[in-house]
Amino acid sequence: MSLESLIPMSSYAPSEIEPKWQAAWADAGTFASERDESKPKYYVLEMFPYPSGRLHIGHVRNYTMGDVVARYKMSTGHNVLHPMGWDAFGMPAENAAMATGGHPSDYTYNNIAEMKTQMKPLGWSLDWNREFATCDPAYYGQQQALFLDFLEKGLVYRKNAVVNWDPVDMTVLANEQVEDGKGWRSGAEVERRELTQWFFKISDHSEELLEALDGLDNWPAKVKLMQANWIGKSRGLQFSFSLIDGPSGHDRVEVYTTRPDTLLGASFVGISPDHPLAKQLEADNPDVAAFCADVRKGGTTEEALEKAEKRGFDTGLRVRHPFDTAAELPVYIANFILMDYGTGAIFGCPAHDQRDFDFATKYDLPIIPTFLPSEDASTEFTAAYVPMKSEKVYYCKGFAGDDWQTGDAAVDAAIAFCEENGVGHGVTKFRLRDWGLSRQRYWGCPIPVVHCDACGVVPEKKENLPIELPYDVSFDVPGNPLDRHPTWRDCACPSCGAAARRETDTMDTFVDSSWYFARFTAPGATTPTSAEDAAYWMNVDQYIGGIEHAILHLLYSRFFARAMHMTGHLPETAKEPFDALFTQGMVTHAIYTTKNPQDGRPVYHYPEEVELRDGKAFLKEAGTEVTVIPSAKMSKSKNNVVDPTRIVAEFGADTARWFVLSDSPPERDVEWTAAGAEAAHKHLGRVWRIASDIAEDTSSASDADEALLKEMHRAIRDVTGGIDSFGFNAAIAKLYAFTNALSKSKAGSAAKRTAAMTLAQLMAPMTPHLAEEIWALLGGQGLVIDAPWPQVDEAMLVDATVTLPIQVNGKRKAEIVVGADASKDEIEALALSQDAVQRMLDGGVPKKIIVVPGRIVNIVI
RNA sequence: GCCCCCGUGGUGGAAUGGUAGACACCGGAGACUUAAAAUCUCCUGACCUUUUGGUCGUGCCGGUUCGAGUCCGGCCGGGGGCACCA
């Protein structure tokens with residue numbers, strides 16, 4: 001035995017390979033992006049992270065998907081922009097400051113440094129030269145400049161809006177800080193309170209934001225549908241009920257309805273507790289005031305309002321029905337009517353609206369049907385009758401149009417009739433509300449305006465930007481530290497120079513994330529964007545992020561792009577900033593739990609404490625059986641968070657990257673399993689071994705060469721198609737199949753080398769380090785990332801014969817192999833001659849034979 | 001409550017309306033090894049059947065079609081969003 005054979009054979013060692021190639025890319029400046037008019041540009045962007053300080057496996061999946069696209073586009077000759085930054089303002093930093101006494105700024109920048117350290121080893125093709133955090137004064141100063149331009153253009157205004165008010169902590173709470181209508185710290189019952197706040201006029205753009213959805217061909221249909229429903233365009237009738245003996249200044253109640261065809265079924269009028277009439281009554285009547293105060297308890301979310309028990313207060317006031325003048329309807333203040341939508345007042349038709357039906361039942365109001373499923377009027381109503389508007393129904397109390405007509409037709413007819421008779425007019429309304437951007441918090445972008453006793457609200461001068469957050473603040477008491485800072489609020493009025501006060505509200509963090517994609521095109525510009533860079537790099541060709549952002553972030557960004565165009569910061573072509581959108585699923589992980597024997601409460605165990613035997617899970621130390629909750633969202637408190645840093649240390653970045661892409665379709669959730677990660681690692685080791693063997697192979701050409709090369713071209717076709725269509729899991733399945741074919745092939749060394757180098761190229765977007773290593777091992781020129789993407793030779797995809805399944809009455813009975821150019825008659829004859837078919841026919845004649853060329857034959861008997 | 005999505009073997013999943021279960025995990029058998037690990041080969045939806053083969057099968061119920069996991073209607077279950085979490 002020679003000494004050499006005692007030395008263990010070298011093996012796949014990601015800890016050596018990965019830093020080496022990362023250094024090689026850095027040395028070559030591979031990912032630094034600059035304008036280059038000679039190449040087509042490609043801008044790929046993943047939603048930037050909140051710097052929590054810990055990289056999450058979900059981030060790994062998100063950024064690896066973007067990385068696959070970026071690297072693939074680099075290989076197809078594109079000048080790729082793939083930047084990274086930090087969505088760095090927000091509540092967690094303030095909460096941390098309150099909990100630990102630190103400063104939000106220190107907390108945030110430490111987290112950024114920490115997370116960046118964890119991100120680097122993953123080998124993502126990011127251009128770190130363009131990095132910024134939204135809490136950098138250089139960034140938010142430009143955001144303040146945008147705000148001032150929007151203000152000047154009339155895109156921003158002030159009005160009153162309700163917030164969650166914690167009466168004990170004397171502070172405004174976020175929705176997530178309200179639990180069951182109570183403040184999360186104080187436990188006090190939250191009240192809805194009005195404050196004057198800043199708003200973006202997004203509702204002016206409702207129609208356009210809705211219509212432009214049609215042009216977003218590369219957005220998921222579900223996201224467009226959700227946005228369309230959110231914008232909520234509706235056509236209806238707006239008209240007034242005249243008020244009988246109303247308080248002074250109130251002689252009518254203006255209502256909006258999308259179902260004017262049910263007007264003769266009205267049995268009450270409901271107004272929002274925030275309606276001017278309700279406020280007037282509240283001031284005069286202690287009972288009304290008590291009811292309104294009670295209704296204002298609890299949070300402000302639509303969910304809370306909708307789920308709350310439907311309650312009303314009979315004001316004693318009556319209105320006259322516009323058509324049935326004998327009828328008087330009671331006016332209720334009702335807790336389920338929103339002041340923000342329509343006119344803040346409705347009429348209730350209990351027969352055709354379940355909510356109104358419940359309300360009428362509760363307060364003993366009449367239920368008057370206006371249409372029925374048949375002309376038989378004797379049916380008793382136990383629930384509201386709400387057919388599809390496209391369904392024809394019989395109008396027993398119609399006042400316009402035919403007796404039998406669809407709801408849609410009846411609405412149109414009713415609006416026309418009402419307009420002719422001077423009862424209101426048809427109007428189009430949108431559900432979309434203006435975007436309230438004021439936050440009564442420290443850790444956000446200061447709103448650059450000044451309050452002057454003489455001049456009112458005055459915009460800050462641009463040369464004074466950025467209005468920086470003061471560092472010397474404390475978080476020992478609840479509330480906004482800017483409000484109680486001794487000097488920061490004090491300033492001179494930009495208009496008259498008199499002593500004035502700064503606005504202490506900061507901006508919603510959605511503002512920060514509504515234009516960062518534009519800033520990445522010129523992160524150092526002394527204006528929000530640079531015209532040349534924006535023109536070259538915009539739009540984002542591929543945007544990737546979580547489905548949880550389907551509505552708000554994406555809608556706000558679409559609005560911002562329009563507003564930035566109106567103020568000269570983006571070209572017209574960038575009004576829809578994201579050409580293609582992909583929404584990826586979460587990474588989940590099983591939760592392992594046992595019950596505490598004392599109190600029966602769940603105890604959560606780390607995956608490392610658990611071992612699996614016979615399909616069951618047990619605690620390693622105690623041997624106790626553990627309950628497994630599969631596919632749960634990762635949560636620190638449930639001890640089921642997978643730490644990418646540990647995975648990279650154990651298996652390498654390529655394994656982590658390969659696994660998060662391999663098992664599930666990218667738009668769906670993927671469950672992280674230790675077994676899956678190990679399997680991915682084994683496979684990469686196998687690829688490495690196969691390539692190493694091929695590097696030393698010297699066999700001559702064989703008749704297996706062509707089969708291998710045909711397999712290779714099929715792999716090129718399928719992997720390329722998989723990446724193009726975000727079918728990463730399917731692409732990886734093809735790579736497994738191709739690797740199996742390569743491993744079993746008896747082809748000569750030249751063909752195998754070609755196949756293995758192509759395999760390296762096809763794997764490079766997913767496992768770039770291993771791909772570079774194999775490429776170098778097999779004598780590839782330069783870096784694999786610089787090599788042009790392999791091309792399919794169509795001639796290599798053609799097969800001489802094709803296998804067709806034969807069905808009888810839609811069930812597969814046999815299979816035939818025919819020439820690729822076989823005629824229909826030949827195929828029919830061969831299909832009929834099959835034993836199984838003859839048996840089924842039993843001497844009879846088929847009724848019909850369907851031949852789908854290249855696909856299937858179906859014989860109907 | 002409202003809007004949107006998803007549901008396929010023991011598991012993750014594949015499948016332009018055209019052979020359901022590709023590819024992988026787990027499990028089983030074998031090869032190699034003194035042994036183990038690693039690696040390699042084969043098997044692996046359920047039920048019936050000696051082989052051959054047959055029947056059932058994509059959450060549930062119904063429909064369209066020569067043909068449905070895929071399209072339509074209704075239900076059940078899970079997830080996302082609901083405007084101050086990011």
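Below, chain A is the first sequence line, B the second, and so on; all start at residue 1.
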I'd like a table of atom pairs between the protein and nucleotides 23-25 of chain B - only N or O on both sides, under 3.5 Å - with the distance next to each one.
unit_1, atom_1, unit_2, atom_2, d
B:rA24, OP1, A:N740, ND2, 2.9

Atom pairs, protein N/O to nucleotides 64-67 of chain B N/O, distance under 3.5 Å:
unit_1, atom_1, unit_2, atom_2, d
B:rC66, O2', A:N858, ND2, 3.2
B:rC66, O2, A:N858, ND2, 2.6

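Here A:Q354 lies out of heavy-atom contact (under 4.0 Å) with every strand. Residue contacts for A:G436: at a heavy-atom cut-off of 4.0 Å it reaches the sugar-phosphate backbone alone, with no base atom in range. Contact annotation for A:S513: no contact, since no heavy-atom pair falls under 4.0 Å across all strands. Within the 4.0 angstrom heavy-atom criterion, base atoms lie near A:Q440. Here A:K222 lies in heavy-atom contact (under 4.0 Å) with sugar-phosphate atoms only. Among the protein residues, A:K744 comes within range of the sugar-phosphate backbone only, with heavy atoms under 4.0 Å from sugar or phosphate atoms but none that close to a base. Looking at heavy-atom distances under 4.0 Å, A:P665 makes contact with sugar-phosphate atoms alone, never a base.
Among the nucleotides B:rA83, B:rC42, B:rA14, the one closest to any side-chain atom of A:N729 is B:rA14. The nucleotide whose nearest atom lies closest to any side-chain atom of A:S664 is, among B:rG80, B:rG13, B:rC82, B:rG13. The listed nucleotides are B:rC3, B:rC6, B:rA86; the one nearest the side chain of A:N229 is B:rC3. For A:L225, whose side chain is taken as the heavy atoms from C-beta onward, the closest listed nucleotide among B:rG7, B:rC5, B:rA83 is B:rC5. Set against B:rC84, B:rA14, B:rC3, the side chain of A:A174 has B:rC84 as its closest nucleotide.
Taking the centre of each ring, A:F359 and A:F357 stay at or above the 6.0 Å mark. Aromatic rings from A:Y543 and A:W219 are positioned such that their centres are separated by 6.0 Å or more.
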Step-by-step side-chain hydrogen bond (donor to acceptor under 3.5 Å, both in side chains) determination, A:T504 to A:D483
CA-CA 6 Å; A:T504 57; A:D483 261 340; 2.7 Å; yes
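The pair A:K222-A:E667 does not count as a salt bridge, with every side-chain nitrogen at least 4.0 angstrom from each carboxylate oxygen.
Counting atom types as modelled, A:E303 pairs a side-chain N or O with a base atom of B:rC82 as donor and acceptor under 3.5 Å.
A cation-pi geometry, defined here as NZ or CZ lying under 6.0 Å from the six-membered ring centre and within 45° of its normal, does not hold between A:K429 and A:Y341.
Between B:rA68 and B:rA20, the two C1' atoms lie 11 Å apart (nearest whole Å).
Atom CD of A:Q227 is separated from atom CG of A:L432 by 10.0 Å, given to the nearest 0.5 angstrom.
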